[in-house]
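Step one of this worksheet: look at the structure below.
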Amino acid sequence: MRGLFITLEGGDGSGKSTQIRNIERFFTEKGLVVLHTREPGGPRISEKLREILLDTENTEMEAVTEMFIYAASRAQHVRETVIPALERGEVVICDRFVDSSIAYQAYGRRLGDMVAEVNRHATGGLSPDLTIWLDIDPETGKARASGDKGPDRLDLEASDFHERVREGYKAISLAEPERFKRIDASGSIEEIKDKIYSCLEELCRERCI
Ligand code: ADP
Ligand code: TYD
């Protein structure tokens, strides 16, 4: 049996890490095995690439270089971690996936269609069964996240970059409404959890889980 592949998207501080814990609980209570992973990152090589990508000292990184390193990290992660877990029938929950590259590199960096093309090779065509987009205005997200950890290289971009990222997510939600579900992330943690659970229950009904 093939497992389920669920991804979380949204700007910094939108609540992805918080809600992933709830999603994990939803599936473990159904007796399913869950693998929680993230991008950029996952296996050893992808985590090394993550360090390069997020290092605030790498200010000279070209946009195209950045796009290829995200894609390289993903290519390794998909083949070494995600596909084997799906083949074992597990539920893979991933904090960010290709949609982040569309939002941040295609829209944020204005690299356009090349990003989707490169990522078709990186993923080998693997696409999530469901993506939850936690939509929040960048300023609110930034304020929430500021207490947690230092900003990464992309968090330091100006506000117009983060507005374009949000536009990118909006474009995906219009193009793929079945897979890519927008949830207003300005509410309370409990309110957002309830909305996510409705999406998960619908998915489980469709898949007879
Ligand atoms: P992300 O993983 O998207 O960066 P986090 O889940 O780490 O976001 O949340 C960032 C911060 O905001 C954390 O301190 C978290 O407790 C807080 N937070 C998460 N969701 C909400 C919410 N709905 N309302 C207020 N604060 C929240
Ligand atoms: P991370 O700390 O994992 O996420 P968050 O900001 O939600 O806490 O940082 C990942 C950063 O990398 C984030 O700024 C978004 C960015 N990113 C891309 O630009 N492209 C991608 O393909 C991915 C996966 C992430």
Item checked: Backbone N/O of P177 and side chain of R182: donor-acceptor pair under 3.5 Å -> no
Item checked: R109 versus Q105, closest heavy-atom pair with distance -> CB-O, 3.2 Å
Item checked: E191 backbone acceptor or donor facing D194 side chain under 3.5 Å -> no
Check: In terms of hydrophobic clustering (I, L, V, M, F, W, Y; side-chain heavy atoms under 4.5 Å; direct or indirect links), are L130 and Y197 co-clustered?
Finding: yes
Item checked: Any donor-acceptor pair under 3.5 Å from E9 side chain to R96 backbone -> no
Check: Under 4.5 Å between any side-chain heavy atoms of I52 and K48, yes or no?
Finding: no
Next item on the list: Compare every heavy atom of G108 with every heavy atom of V165, then report the nearest pair and how far apart it is.
Entry: CG2-CA, 4.2 Å
Note to self: Please tell me whether L200 and I189 are part of a single hydrophobic cluster in this structure, the criterion being side-chain heavy atoms less than 4.5 Å apart.
What the structure shows: no
Item checked: N/O donor-acceptor pair under 3.5 Å between N119 side chain and A122 backbone -> no
Check: Can you list the steps and then say if E167 with K170 is a salt bridge (Lys or Arg N to Asp or Glu O under 4.0 Å)?
Finding: CA-CA 5 Å; E167 283 306 310; K170 207 172 288 173; 3.5 Å; yes
Next item on the list: Would you check if E66 and L53 make a side-chain contact, meaning some heavy-atom pair closer than 4.5 Å?
Entry: yes
Notebook entry, point to check: Side chains of L49 and P40: closer than 4.5 Å at any heavy-atom pair?
Noted result: no
Notebook entry, point to check: Under 4.5 Å between any side-chain heavy atoms of S101 and M67, yes or no?
Noted result: no
Item checked: Summary of ring pair (Phe, Tyr, Trp, His ring centres under 6.0 Å) pairs that have at least one residue in residues 77-112, sequence neighbours excluded -> F5-F97
Next item on the list: Any pair with a residue in residues 159-185 that passes ring pair (Phe, Tyr, Trp, His ring centres under 6.0 Å), sequence neighbours left out, goes on the list, sorted by first then second residue, please.
Entry: W133-Y169, W133-F180
Next item on the list: Quick one: pull up CG in L154 and CG in D12 and give me the separation to the nearest 0.5 Å.
Entry: 10.0 Å
Item checked: R25 backbone acceptor or donor facing T28 side chain under 3.5 Å -> yes
Note to self: Hydrophobic cluster membership, with links at side-chain heavy-atom distances under 4.5 Å among I/L/V/M/F/W/Y: are V33 and L203 in one?
What the structure shows: no
Next item on the list: Determine whether more than 12 heavy atoms belonging to other residues, nucleotides or ligands lie under 6.0 Å from atom NZ of K195.
Entry: yes
Check: What is the distance from atom CG of D135 to atom CD1 of I183, rounded to the nearest 0.5 Å?
Finding: 10.5 Å
Notebook entry, point to check: In terms of hydrophobic clusters joined by side-chain contacts under 4.5 Å, are F27 and I192 together?
Noted result: yes
Item checked: Under 3.5 Å donor-acceptor, R2 side chain and R88 backbone -> no
Item checked: Euclidean distance, S73 OG relative to I69 CD1, rounded to 0.5 Å -> 9.5 Å
Next item on the list: Examine V82 and I45 and state if one hydrophobic cluster contains both, with Ile, Leu, Val, Met, Phe, Trp and Tyr joined whenever side-chain heavy atoms are less than 4.5 Å apart.
Entry: yes
Next item on the list: Drop me the distance from R164's CZ to E157's CD, to the nearest 0.5 angstrom.
Entry: 8.0 Å
Next item on the list: Please round to the nearest 0.5 Å and tell me the distance separating atom CG of L32 and atom SG of C204.
Entry: 7.5 Å
Checklist line | Heavy atoms from other residues, nucleotides or ligands near CD of E60 exceed 12 (cutoff 6.0 Å) | finding: yes
Next item on the list: Indicate yes or no for a side-chain donor-acceptor contact from R38 to the backbone of D95 under 3.5 Å, with no hydrogens or angles considered.
Entry: no
Notebook entry, point to check: Counting only N and O atoms by type, is there a donor-acceptor contact under 3.5 Å from the side chain of K16 to the main-chain atoms of G11?
Noted result: yes
Margin query: Are there over 12 heavy-atom neighbours, none belonging to E117, within less than 6.0 Å of that residue's CD?
Written below: yes
Notebook entry, point to check: Does CD in E62 sit with more than 12 non-hydrogen atoms of other residues, nucleotides or ligands closer than 6.0 Å?
Noted result: no
Note to self: Between R207 and L4, does the side chain to side chain contact (heavy atoms under 4.5 Å, CB included) criterion hold? Intermediate values first, please.
What the structure shows: CA-CA 9 Å; R207 302 295 165 94; L4 278 180; 3.7 Å; yes
Margin query: For A85 versus L35, what's the shortest heavy-atom pair and its separation?
Written below: CB-CD2, 3.9 Å
Notebook entry, point to check: Are the side chain of R79 and the backbone N or O of A75 linked by a donor-acceptor pair below 3.5 Å?
Noted result: yes
Note to self: Does atom CG (D160) have a neighbourhood of more than 12 heavy atoms from anything else shown, all under 6.0 Å?
What the structure shows: yes
Next item on the list: Take R205 and E201 through the test side chain to side chain contact (heavy atoms under 4.5 Å, CB included) and record every step on the way to the result.
Entry: CA-CA 6 Å; R205 267 197 305 278; E201 270 151 15; 4.2 Å; yes
Margin query: One pair to check against side chain to side chain contact (heavy atoms under 4.5 Å, CB included): C199 and I132. What are the steps and the verdict?
Written below: CA-CA 8 Å; C199 293; I132 305 282; 4.0 Å; yes
Checklist line | For the student: nearest non-hydrogen atoms of L111 and A63, plus distance | finding: CD1-O, 3.6 Å
Notebook entry, point to check: Got a second to check how far I23's CD1 is from I93's CD1, nearest 0.5 Å?
Noted result: 5.5 Å
Item checked: Taking every non-hydrogen atom, the tightest pair across S14 and A185 -> O-CB, 3.6 Å
Note to self: Using every non-hydrogen atom in the two residues, find where C94 and E39 come nearest and quote the distance to one decimal.
What the structure shows: SG-CG, 3.9 Å
Check: Does the R179 side chain pair with the main chain of T131, one donor and one acceptor, at a distance under 3.5 Å?
Finding: no
Margin query: Applying side chain to side chain contact (heavy atoms under 4.5 Å, CB included) to L134 and I196, what does each step give before you reach the verdict?
Written below: CA-CA 10 Å; L134 297 178; I196 293 177; 4.2 Å; yes
Next item on the list: Could you pull out all residues at least two apart from F68 that satisfy ring pair (Phe, Tyr, Trp, His ring centres under 6.0 Å)?
Entry: none
